[in-house]
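Note that these values count all heavy atoms, side chains included, but never hydrogens, waters or copies made by symmetry.
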Amino acid sequence: MIFNFKEFGENWQQYLLQSFLAFLTIFFVLLYLQMQDIVIVASIGASTFIVFAMPKSIPAKPRNLIGGQLSCTLIGFLFHLVLPEVGMCSTLWVAAGVGTAIFCMVVLDFEHPPATATTLSIAINGIDLKIALAFAGSIIFLSLTHKFFGKFLRDLV
């Protein structure tokens, strides 16, 4: 079945509430960040989906959200610092950064798949203070929302 009318009908308020909270999160992030920061925004968008649509999942746990995003941010930054300037080497280097990020998240038990987009973005573009603050604020907001309101959120998928 494409649409589960029964589940939606019984829980429509929850669907609307959680979708509205996701909207607010992204709205405030976009007020601060610009469209040129779109890969970071996309990573936050994917994290927002996990927290509000799949709050009981392992990647939605604050430990994984913060740990995954923080470790992937650091890896992206390190790979950006030594990124070769030209051609195929930079493509290979950025891909190696994403592979390293996945390896570290799995080994450290910080599985949060959207964080790989963070590595990709930062390895290519770098990161400035404005982006770092907006990014950190949104991850902290999502983590606190999950911690304090997680018991009121339900899996929507």
Side-chain angles (χ1 to χ4, degrees), residues 2 15 18-150 153-157:
I2 294 174
Y15 280 72
Q18 288 174 223
S19 296
F20 181 71
L21 292 172
F23 156 77
L24 285 177
T25 301
I26 297 302
F27 177 74
F28 286 113
V29 168
L30 289 173
L31 284 177
Y32 195 72
L33 294 178
Q34 305 299 315
M35 285 302 165
Q36 65 263 23
D37 308 318
I38 198 66
V39 178
I40 287 287
V41 172
S43 176
I44 295 167
S47 294
T48 301
F49 175 84
I50 290 173
V51 169
F52 290 113
M54 305 165 46
K56 307 299 183 214
S57 69
I58 290 171
K61 293 180 180 176
R63 176 188 191 282
N64 289 23
L65 176 63
I66 294 169
Q69 289 287 10
L70 180 62
S71 62
C72 286
T73 297
L74 293 173
I75 291 165
F77 183 70
L78 292 173
F79 273 76
H80 179 75
L81 287 177
V82 291
L83 181 67
E85 293 295 323
V86 292
M88 189 60 168
C89 288
S90 22
T91 302
L92 190 61
W93 190 247
V94 170
V98 172
T100 302
I102 292 169
F103 175 80
C104 289
M105 277 195 296
V106 172
V107 168
L108 296 171
D109 199 25
F110 289 146
E111 294 86 358
H112 187 73
T116 57
T118 303
T119 300
L120 183 66
S121 176
I122 295 173
I124 294 170
N125 301 317
I127 190 167
D128 64 23
L129 183 60
K130 176 185 170 188
I131 295 170
L133 290 174
F135 183 68
S138 62
I139 297 308
I140 291 168
F141 172 77
L142 288 170
S143 298
L144 290 174
T145 299
H146 189 276
K147 180 163 180 60
F148 293 112
F149 300 105
L153 302 176
R154 60 175 281 134
D155 280 342
L156 303 177
V157 294

Which donor-acceptor pairs under 3.5 Å do side chains of residues 126-134 form with protein atoms, sequence neighbours excluded?
{"from": "Asp128", "atom 1": "OD1", "to": "Lys130", "atom 2": "N", "distance (Å)": "3.2"}
{"from": "Asp128", "atom 1": "OD1", "to": "Ile131", "atom 2": "N", "distance (Å)": "2.8"}
{"from": "Lys130", "atom 1": "NZ", "to": "Tyr32", "atom 2": "O", "distance (Å)": "3.4"}

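- In this structure the side chain of Leu156 reaches within 4.5 angstrom of the side chain of Gln18, judged on heavy atoms.
- For the side-chain hydrogen bond (donor to acceptor under 3.5 Å, both in side chains) test, no residue two or more places apart in sequence or in another chain qualifies with Thr73.
- The two residues Gly68 and Ala115 come nearest to each other via the heavy atoms O-CB, 3.4 Å.
- Each side chain to side chain donor-acceptor pair (under 3.5 Å) pair with one or both residues in residues 39-53, not counting sequence neighbours, appears once here: Ser43-Gln69, Ser43-Thr118, Ser47-Gln69, Ser47-His112.
- To the nearest 0.5 angstrom, Thr119 atom OG1 is 13.5 Å from Phe77 atom CZ.
- The heavy-atom pair separating Phe79 from Trp93 by the smallest distance is O-NE1, 2.8 Å.
- For the atom pair CD1 of Ile75 and CG of Leu120, the computed distance is 13.0 Å after rounding to the nearest 0.5 Å.
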Contacts table for residues 49-64: side-chain donor-acceptor under 3.5 angstrom, sequence neighbours left out:
{"from": "Lys56", "atom 1": "NZ", "to": "Gly150", "atom 2": "O", "distance (Å)": "2.9"}
{"from": "Lys56", "atom 1": "NZ", "to": "Leu153", "atom 2": "O", "distance (Å)": "2.9"}
{"from": "Ser57", "atom 1": "OG", "to": "Met54", "atom 2": "O", "distance (Å)": "2.8"}
{"from": "Arg63", "atom 1": "NH1", "to": "Asp109", "atom 2": "O", "distance (Å)": "2.4"}
{"from": "Asn64", "atom 1": "ND2", "to": "Ile58", "atom 2": "O", "distance (Å)": "3.1"}
{"from": "Asn64", "atom 1": "ND2", "to": "Glu111", "atom 2": "O", "distance (Å)": "3.2"}

Would Ile40 and Ile122 count as a side chain to side chain contact (heavy atoms under 4.5 Å, CB included) here? Give the steps. CA-CA 8 Å; Ile40 287 287; Ile122 295 173; 4.0 Å; yes

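- Atoms CG and OG1, from Leu74 and Thr100 in turn, are 13.0 Å apart once rounded to the nearest 0.5 Å.
- By the side chain to side chain contact (heavy atoms under 4.5 Å, CB included) test, Phe103 is found to be paired with Val107, residues two or more places apart in sequence or in another chain being considered.
- Remark: Met105 CE to Ser71 OG distance equals 6.0 Å, nearest 0.5 Å.
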Under 3.5 Å, side-chain donor or acceptor atoms of residues 19-30 against the rest of the protein: list the pairs with distances, not counting sequence neighbours.
{"from": "Ser19", "atom 1": "OG", "to": "Tyr15", "atom 2": "O", "distance (Å)": "2.8"}
{"from": "Thr25", "atom 1": "OG1", "to": "Leu21", "atom 2": "O", "distance (Å)": "2.9"}

